[in-house]
Amino acid sequence: MPYNPIDYFRTSFSRRLNFLVATLASIVFVVALVFLFAQARYAVQREAKEHASQLLNNTALRVNTVLNQVEVATENTSWLVGRHLKTPDSMYVYARAIVENNPELAGCSISFEPYYYPRKGRYFSVYAKQENGKVSVVQEGDESYEYFFMDWYQLPKLLGHSAWTEPFLGEYPEEEAVQDKMVVSYCKRIEDENGKYVGTIASDLSLRWLSETISAVKPYPHSYSFMIGRGGTFFVHPDPEKLLYQSIFTETMEQDNPERMALGKAMVSGEEGMRMLTLNGELCYVFYQPLGETGFSAAIVCPERDIFYGYNRLRNVVILIFILGMLIMHIILSTVFRREIAPMRSLAEQAETIADGNFDEVLLDTGRKDEIGRLVHSFSEMQRSLVKYIEEIKNTSAEKASIERELYVARDIQMSMVPRIFPPFPEREDIDLFASMTPAKEVGGDLYDFFVENECLYFCIGDVSGKGVPASLFMAVTRNLFRVIAQQGNSPEEIAKSINHALSAENDQGMFVTMFIGKVNLKTGELTYCNCGHNPPVVCEPGKEARFLPMQYVNLALGTWDGFEFQGERIPDIREWKILLYTDGLNEAENPRYELFGNDRLIQLMNGVSQLDAEGIIQMLQEEVERHRSGASPNDDLTLLSLTVKKFSA
């Protein structure tokens, strides 16, 4: 037989108790550890954010300070150039001066529009640059290098204000595209005294210093920094292959990556913040911040494994200690519980012997005064009373079986008191009538009856207050009273008055019955009726919507007030009408969610019975009620009576 771990615990109370205690302890410890780990992780994450953000802020401050110095130096030089436009050779002095006075600059170019100085020709651009700590000044511009088509020259001219360029290689060939030979220029317009644009002054800042400054930010061993331009192009990155020729959006073009796309858009838009995304298959925290008004943005990438290295190591150690502690606790609990529960194991074996019918089995006295000792004593007392109890059970079962048989007989007697043969008047073609009664218990308190006397059809339906045997007895009395009084040819209101008087006499239990009593003249189709607190019937006139029969008078239920004057009503002709009488077991039938069948649903169903006979209507409603109950037990007796009087007679 295969091993079943559930049976291992099911067959031993000590094992289950040990397992329960260990499980509860584990749950408490696990919840506590999860809470502590969550708080610790949150603290580590918050500290990492603050640390990385502080480093990035400090770096951005240093970079912005240098960029601001470049902008100020360029603005001051531009003012001097504008005041000495008539002496073109002075540009050599200004270009050298700005580079010598600002060692962070790689060079400076003071360039003019073609033929601005006729004696200088088409090209006049003075360029000062630093090389090995020395400043040299040259004039650049020829047919191979038409400077006035360069971005650094065109930007302030087209924009109408100063601007930083995207990184470029300057005078170096493409194969030397490395960070220490890349520059970014701050460009400013040169205007004459009339405000007319005449040229551009561009101060070049080497990206080598910028790259070293940003790359030095390493809050964690495997973290790195990068920097992008206004269009997202990398010009500081640990991977040289990405410089200038790739942007932060390049990988998103090859493979959809919404997180990387969102990061790129945020950085290009000049936003500041932190995002989590997967880079090179590893979850990373990316902190980013714009650099002044340049349109550039710097970022620090910190792998999650670096941030949570210490946290993960501590977590693993704590988990290992927890597992070892739980094993030790399990061993100790198993030993203690097994020793303490040994008497209960002996008691269980003796109980099995008693369960086999050996009621004279002698229970061993454990001598204990605790709960186990009291259990043994209580079991002994139970053993002595068990035989007596079994005998009482036998007698009770026999009495119950006898009562059930009598109730079934009573049910058959009750059902025999109402008409059960259909069609009830096979010799007549002018009456289509069908009825059914289904008690909620063995016997019920609903009733119906009908008969033909002197070309008049008398019929009724009623619902006795309460259920069970008392209601069934009250129902039997009411049905017999109706049959006796109605056969005397009385009107419905006279019948109601007589039944009410008979039921009110000596009605110590205060029971009553709601009842609808009707009388149809089969020759004329006239209906006279008296409604004694019952549900109004549903009538379906040919060619019209189904509706509840309107009640002009409000009568009390029968058996509530002796001497009450009942009022009757009449309809001149009901021939070809379909009339449904019912008890509240129909419209108040409940499903497992305690939702009622409802009057609206009843009217809706009755609108579709034009092609059904009386029996078909009853069967349809019974099926709908069962479908609505969805397996729920009946909450009330259900009685239905469907009637149609036709325009011809036998």
Side-chain angles (χ1 to χ4, degrees), residues 411 414-415 418-424 431-450 459-468 471 475 513-516 518 529 531 533-551 574 576-646:
R411 177 189 179 93
Q414 183 184 29
M415 296 303 296
V418 298
R420 292 187 298 172
I421 299 176
F422 297 96
I431 300 176
D432 181 16
L433 188 151
F434 193 87
S436 71
M437 184 172 68
T438 307
K441 297 183 177 180
E442 287 79 3
V443 290
D446 283 3
L447 67 112
Y448 70 86
D449 197 9
F450 52 83
F459 61 94
C460 71
I461 189 169
D463 187 358
V464 177
S465 60
K467 300 179 182 66
M475 164 266 185
V513 57
T514 65
M515 201 167 183
F516 184 90
Y529 59 93
N531 188 5
H534 198 74
N535 298 317
V538 178
V539 294
C540 303
E541 298 182 54
K544 295 183 180 180
E545 295 288 327
R547 61 187 174 88
F548 290 107
L549 185 64
M551 299 296 166
I574 64 163
E576 303 302 333
W577 289 22
K578 295 183 182 295
I579 302 177
L580 174 70
L581 286 77
Y582 59 95
T583 59
D584 52 13
L586 173 62
N587 58 334
E588 296 181 7
E590 295 179 348
N591 61 13
R593 297 183 300 276
Y594 300 102
E595 297 171 340
L596 300 182
F597 189 84
N599 291 333
D600 293 340
R601 185 172 183 180
L602 174 58
I603 292 296
Q604 182 182 1
L605 292 172
M606 290 301 294
N607 277 324
V609 300
S610 59
Q611 303 301 319
L612 298 178
D613 59 7
E615 182 177 2
I617 294 173
I618 299 301
Q619 291 178 351
M620 179 271 293
L621 290 175
Q622 289 175 332
E623 292 172 358
E624 290 295 328
V625 168
E626 287 300 319
R627 187 178 297 110
H628 172 75
R629 285 181 181 147
S630 300
S633 299
N635 57 301
D636 203 350
D637 303 334
L638 174 61
T639 301
L640 304 171
L641 188 149
S642 178
L643 169 66
T644 300
V645 177
K646 301 180 181 179

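What you are looking at is a predicted structure, and each value in this text was computed from that prediction instead of being measured. Position 1 is the first residue of the sequence; numbering continues from there.
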Return the [atom1] to [atom2] distance between [X] and [Y], rounded to the nearest 0.5 Å.
{"X": "L586", "Y": "D637", "atom1": "CG", "atom2": "CG", "result": "13.0 Å"}
{"X": "D432", "Y": "S642", "atom1": "CG", "atom2": "OG", "result": "6.5 Å"}
{"X": "L643", "Y": "I431", "atom1": "CG", "atom2": "CD1", "result": "7.5 Å"}
{"X": "E595", "Y": "E590", "atom1": "CD", "atom2": "CD", "result": "10.0 Å"}
{"X": "L549", "Y": "N531", "atom1": "CG", "atom2": "CG", "result": "8.0 Å"}

Side chains of [X] and [Y]: does their closest heavy-atom pair fall under 4.5 Å?
{"X": "D449", "Y": "V418", "answer": "no"}
{"X": "L640", "Y": "T438", "answer": "no"}
{"X": "C460", "Y": "L447", "answer": "yes"}
{"X": "I617", "Y": "M606", "answer": "yes"}
{"X": "D463", "Y": "H534", "answer": "yes"}
{"X": "F548", "Y": "I603", "answer": "yes"}
{"X": "C540", "Y": "V609", "answer": "yes"}
{"X": "E545", "Y": "N607", "answer": "yes"}

Legend entry - Short side-chain donor-acceptor distance under 3.5 Å, T639 and D446: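 Side chains of D446 and T639: pair found under 3.5 Å.
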Please name the pair of heavy atoms, one in [X] and one in [Y], separated by the smallest distance, quoted to 0.1 Å.
{"X": "G462", "Y": "T583", "value": "O-CG2, 3.7 Å"}
{"X": "P424", "Y": "F450", "value": "CB-CE1, 3.3 Å"}
{"X": "I579", "Y": "P537", "value": "CG2-CB, 4.2 Å"}
{"X": "W577", "Y": "P542", "value": "CD1-CD, 3.8 Å"}
{"X": "A589", "Y": "V625", "value": "CB-CG1, 4.0 Å"}
{"X": "A435", "Y": "Y448", "value": "CB-CE1, 3.5 Å"}

Legend entry - Q604 atom CD, over 12 foreign heavy atoms within 6.0 Å: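 Count not over threshold, so no.
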Residue list, salt bridge (Lys or Arg N to Asp or Glu O under 4.0 Å) with [X], at least two apart or on another chain:
{"X": "E588", "value": "none"}
{"X": "D636", "value": "none"}
{"X": "E615", "value": "none"}

Could you tell me whether a side-chain N or O of [X] sits under 3.5 Å from a main-chain N or O of [Y], the two making a donor and an acceptor?
{"X": "Y582", "Y": "I461", "result": "no"}
{"X": "K578", "Y": "L612", "result": "yes"}
{"X": "N591", "Y": "S630", "result": "no"}

Inset, instruction - Evaluate the ring planes of H628 and F597, with Trp represented by its six-membered ring, and classify them as parallel (under 30°), tilted (30 to 60°) or perpendicular (over 60°). - result: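 Geometry flag for F597 against H628: perpendicular rings.
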Legend entry - All side chain to side chain contact (heavy atoms under 4.5 Å, CB included) counterparts of E626, not counting sequence neighbours: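 Side chain to side chain contact (heavy atoms under 4.5 Å, CB included) check on E626 returns R629.
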Inset, instruction - List in chain and number order the residues that pass side chain to side chain contact (heavy atoms under 4.5 Å, CB included) with P550, two or more places apart in sequence or in another chain; answer none if no residue qualifies. - result: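 Residues passing side chain to side chain contact (heavy atoms under 4.5 Å, CB included) with P550: R547.
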Inset, instruction - Tell me, with the steps shown, if L580 and L621 meet side-chain contact (heavy atoms from CB on, under 4.5 Å). - result: CA-CA 10 Å; L580 174 70; L621 290 175; 3.4 Å; yes
Legend entry - Residues forming a side chain to side chain donor-acceptor pair (under 3.5 Å) with N587, sequence neighbours excluded: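 Result, side chain to side chain donor-acceptor pair (under 3.5 Å) vs N587: N599.
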